[in-house]
**Student:** 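Below is the structure I would like to discuss, written out as structure tokens.
Heavy-atom basis, side chains included; hydrogens, waters and symmetry copies ignored.
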Amino acid sequence: PCILLAALKIQKMNPNGVMLVAPSDHWIEDEAAFCDNIQTAFDTCATSDILMTLGIKPTFPNTGYGYIQFAKDDYSVGNKVVRFTEKPDYEKAKSFLASGDFVWNSGIFIWSIDTILKAFKNDLPEMYSLFVEGMEVYNTNAETDFVNERFGEADNISIDYGIMEKATNVFMLPANFDWNDLGAWGALYDKVDKSDSKNAVVGAKTLLNDATGNLIYSSTDRIIVAEGLNDFIVVDKEDVLLIFPKEKEQEIKRILNQVKARFGPDYT
């Protein structure tokens, strides 16, 4: 719904506009290469009726990312997307890498306003009708009241499920920049500052003795004391405390599913 709302607001300002949708928690290492990729995508989408995504070349069989299978045919606008696939298990992720025709799904999308609104109209017509009625008030002082009234009526569905997995005009542009999804704990450890003992601490007060190579995260500003702990992920949330070896990070998804199954879906 937020993407549809943004697209309609942009359409009112510039019907010929091109739109970028990007997650807020990703690490882009090379800004110049990123801008080059985005400019290529903008130029392509401005003249082509396509939905474009940036694909990240996988470096290991990560089970925490979604994957995109792409056609190896030579297209001037990138590689045609065959299918999106959700986070796989380890063996399936290994097979994806071995095939050579899968990339990580960055969640970065580019399209013209005309193309994305056409997709909403075709694939999510009820949502489209719900928000297109507000064209008169978008970008005015009356917009907030309209959005507050309508937003809660919209289906809670992601752009991946609602549009991208249904569309037949999706293309993938291979990314040329270094990328990291900080939603993965190991990825976060790689990027944040570390102490002399190679411990990375986010949001916690710590007393660490004979402890090295750990990622320690707290959402509650709690004091965390550890001794003799090496190469672990410690995640302290309000309702769940996770203490897990870094080398088994790929298993965290399975463990969290067990937690949800035993204690309920609110525990994540």
**Student:** With clusters built from Ile, Leu, Val, Met, Phe, Trp and Tyr whose side-chain heavy atoms come within less than 4.5 Å, directly or transitively, what are the remaining members of the cluster of Ile223, listed by chain and number?
**Tutor:** Leu207, Val225

**Student:** Taking the six-membered ring for Trp, are the ring centroids of Phe34 and Phe177 within less than 6.0 Å of each other?
**Tutor:** yes

**Student:** Over 60° means perpendicular and under 30° means parallel, so classify the ring planes of Trp104 and Trp179, tilted if in between.
**Tutor:** tilted

**Student:** Any side-chain to backbone donor/acceptor pair from Lys194 onto Val192? Under 3.5 Å, distance only.
**Tutor:** yes

**Student:** Is the count of non-hydrogen atoms from other residues, nucleotides or ligands lying under 6.0 Å from Asn14 atom CG greater than 12?
**Tutor:** yes

**Student:** Within the structure provided, determine whether Glu86 and Glu165 are in side-chain contact (heavy-atom separation under 4.5 Å).
**Tutor:** yes

**Student:** Can you tell me how far apart NZ (Lys92) and OG1 (Thr85) are? Round to the nearest 0.5 Å.
**Tutor:** 6.0 Å

**Student:** Shortest non-hydrogen contact from Asn169 to Asp49?
**Tutor:** ND2-O, 3.0 Å

**Student:** Could you tell me which non-hydrogen atom of Ile108 sits nearest to which non-hydrogen atom of Pro23, and how far apart they are?
**Tutor:** CG1-CD, 3.9 Å

**Student:** Of Phe96, Tyr65, Phe84, which meets ring pair (Phe, Tyr, Trp, His ring centres under 6.0 Å) against Phe102?
**Tutor:** Phe96

**Student:** Is there a side-chain contact between Glu149 and Asp145 (heavy atoms, below 4.5 Å)?
**Tutor:** no

**Student:** Does Lys9 make a cation-pi contact with Phe131, if we ask for NZ or CZ under 6.0 Å from the ring centre and within 45° of the axis?
**Tutor:** no

**Student:** To check you understand the geometry: which heavy-atom pair defines the closest contact between Pro61 and Leu97, and what is its length?
**Tutor:** N-CD2, 3.7 Å

**Student:** With the threshold set at 4.0 Å, does a side-chain nitrogen-carboxylate oxygen contact exist between Arg222 and Asp236?
**Tutor:** yes

**Student:** Mind checking what makes salt bridge (charged side-chain N to carboxylate O under 4.0 Å, His left out) contact with Lys12, not counting sequence neighbours?
**Tutor:** none

**Student:** Restricting to salt bridge (charged side-chain N to carboxylate O under 4.0 Å, His left out), what partner residues turn up for Lys94, sequence neighbours left out?
**Tutor:** Glu91

